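Counting starts at 1 for both ligands and their atoms, in listed order. Treat the numbers as computed from the prediction; the structure is a model and nothing was measured. Residue indices begin at 1 and follow the sequence shown.
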Amino acid sequence: MTETAYIALGSNLDNPQQQVLRAIIELEALPDTHVTAVSPWYSSPPMGPADQPDYINGVAKLETTLPPLPLLKALQGIESTHHRVKLEHWGPRTLDLDILLYGNQVIDLPELRIPHAEMATRNFVLFPLADIAPQLVLPDGISLAELLESCPPEGIVRHSQGGIRGTTG
Ligand code: ROI
């Protein structure tokens with residue numbers, strides 16, 4: 001069955017804008033998966049240790065028949081082709097791909113929690129998500145609009161229009 005999944009992208013190393021644009025192309029190349037929307041890109045100050053570069057963040061919408069765990073594995077495969085380095089907890093990274101939502105499913109496994117555990121408090125996730133899915137309601141019935149009310153856009157800067165394939169830079 002085809003499901004809609006939302007994926008958060010983040011990078012703050014080795015030309016972050018290029019990392020995330022390449023990731024969109026790689027998402028589109030996954031089996032049984034299509035990227036149907038890409039948010040505008042945002043720059044955001046690091047959450048966590050401050051002695052690291054700003055991030056580029058955005059969200060992609062996928063239509064996929066990959067089940068959640070195979071999708072997670074596929075995303076980890078993409079991260080590793082970006083030579084993901086993760087030197088410290090909450091430290092800088094070349095590419096982070098997180099499943100935010102997978103249809104209306106709730107998944108609570110050691111390796112995968114959906115909805116993503118921290119999405120509700122991260123403006124650099126909620127704002128790009130709202131750009132492509134303003135009417136979204138989470139599985140627990142809370143709307144994205146409600147989450148945004150307690151998550152101001154402090155520090156984040158939108159710097160592109162987004163598009164279907166993320167090629168608009
Ligand atoms: N901070 C920002 N601004 N954007 C991220 O994507 C991001 N990702 C992380 C941590 C280290 C928590 N900080 C971040 O994993």
Hey, mind stepping through Leu69 and Leu109 against side chain to side chain contact (heavy atoms under 4.5 Å, CB included) and telling me if it holds?
CA-CA 10 Å; Leu69 283 175; Leu109 296 170; 4.0 Å; yes
Begin with the C-alpha distance, continue with both residues' side-chain angles, and end with the deciding distance and a verdict on side-chain hydrogen bond (donor to acceptor under 3.5 Å, both in side chains) for Ser143 and Glu146.
CA-CA 5 Å; Ser143 69; Glu146 285 169 80; 3.0 Å; yes
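Contacts between Asn57 and ligand 1, counted as non-hydrogen atom pairs separated by less than 4.0 Å, involve the side chain only. Using a 4.0 Å cut-off between heavy atoms, Ala8 makes no contact with ligand 1 at all. At a heavy-atom cutoff of 4.0 Å, ligand 1 is contacted by both the backbone and the side chain of Trp90. Both the backbone and the side chain of Ser44 come within contact range of ligand 1, each with a heavy atom under 4.0 Å. Residue-level proximity to ligand 1 for Asp96 is carried by the side chain, the only part with a heavy atom below 4.0 angstrom.
Counting only heavy atoms of the protein, atom 8 (N) of ligand 1 lies nearest to Tyr55 CE2, 3.8 Å. Looking only at heavy atoms of the protein, atom 13 (N) of ligand 1 is closest to Met47 O, 2.8 Å.
With hydrogens and angles left out, the side-chain atoms of His82 and Gln19 include a donor and acceptor closer than 3.5 Å. No side-chain N or O of Glu28 forms a donor-acceptor pair with one of Thr33 less than 3.5 Å apart.
The side-chain hydrogen bond (donor to acceptor under 3.5 Å, both in side chains) with Tyr42 is formed by just one residue from the set Asp131, Asn123, Asp54, Asn57; it is Asp131.
At least one side-chain heavy atom of Leu97 sits under 4.5 Å from a side-chain heavy atom of Leu95. Residues Leu75 and Ile7 are in side-chain contact: their nearest non-hydrogen atoms beyond the backbone lie under 4.5 Å apart. Counting heavy atoms from C-beta outward, Glu79 and Asp96 have side chains that approach closer than 4.5 Å. Leu9 places none of its side-chain heavy atoms less than 4.5 Å from the side chain of Val59.
Ligand 1 places these atoms under 4.0 Å from at least one heavy atom of Pro46: 1 (N), 3 (N). Close contacts between ligand 1 and Arg93 involve ligand atoms 15 (O) [criterion: under 4.0 Å to a heavy atom]. Applying the 4.0 Å criterion to heavy atoms of Arg122 picks out, from ligand 1, the atoms 12 (C). Atoms of ligand 1 found under 4.0 Å from any heavy atom of Pro45, numbered from 1 in the order shown, are 2 (C), 3 (N).
The shortest heavy-atom distance from Glu118 to ligand 1 is not under 4.0 Å. The closest approach between a heavy atom of Gly48 and any atom of ligand 1 is not below 4.0 Å.
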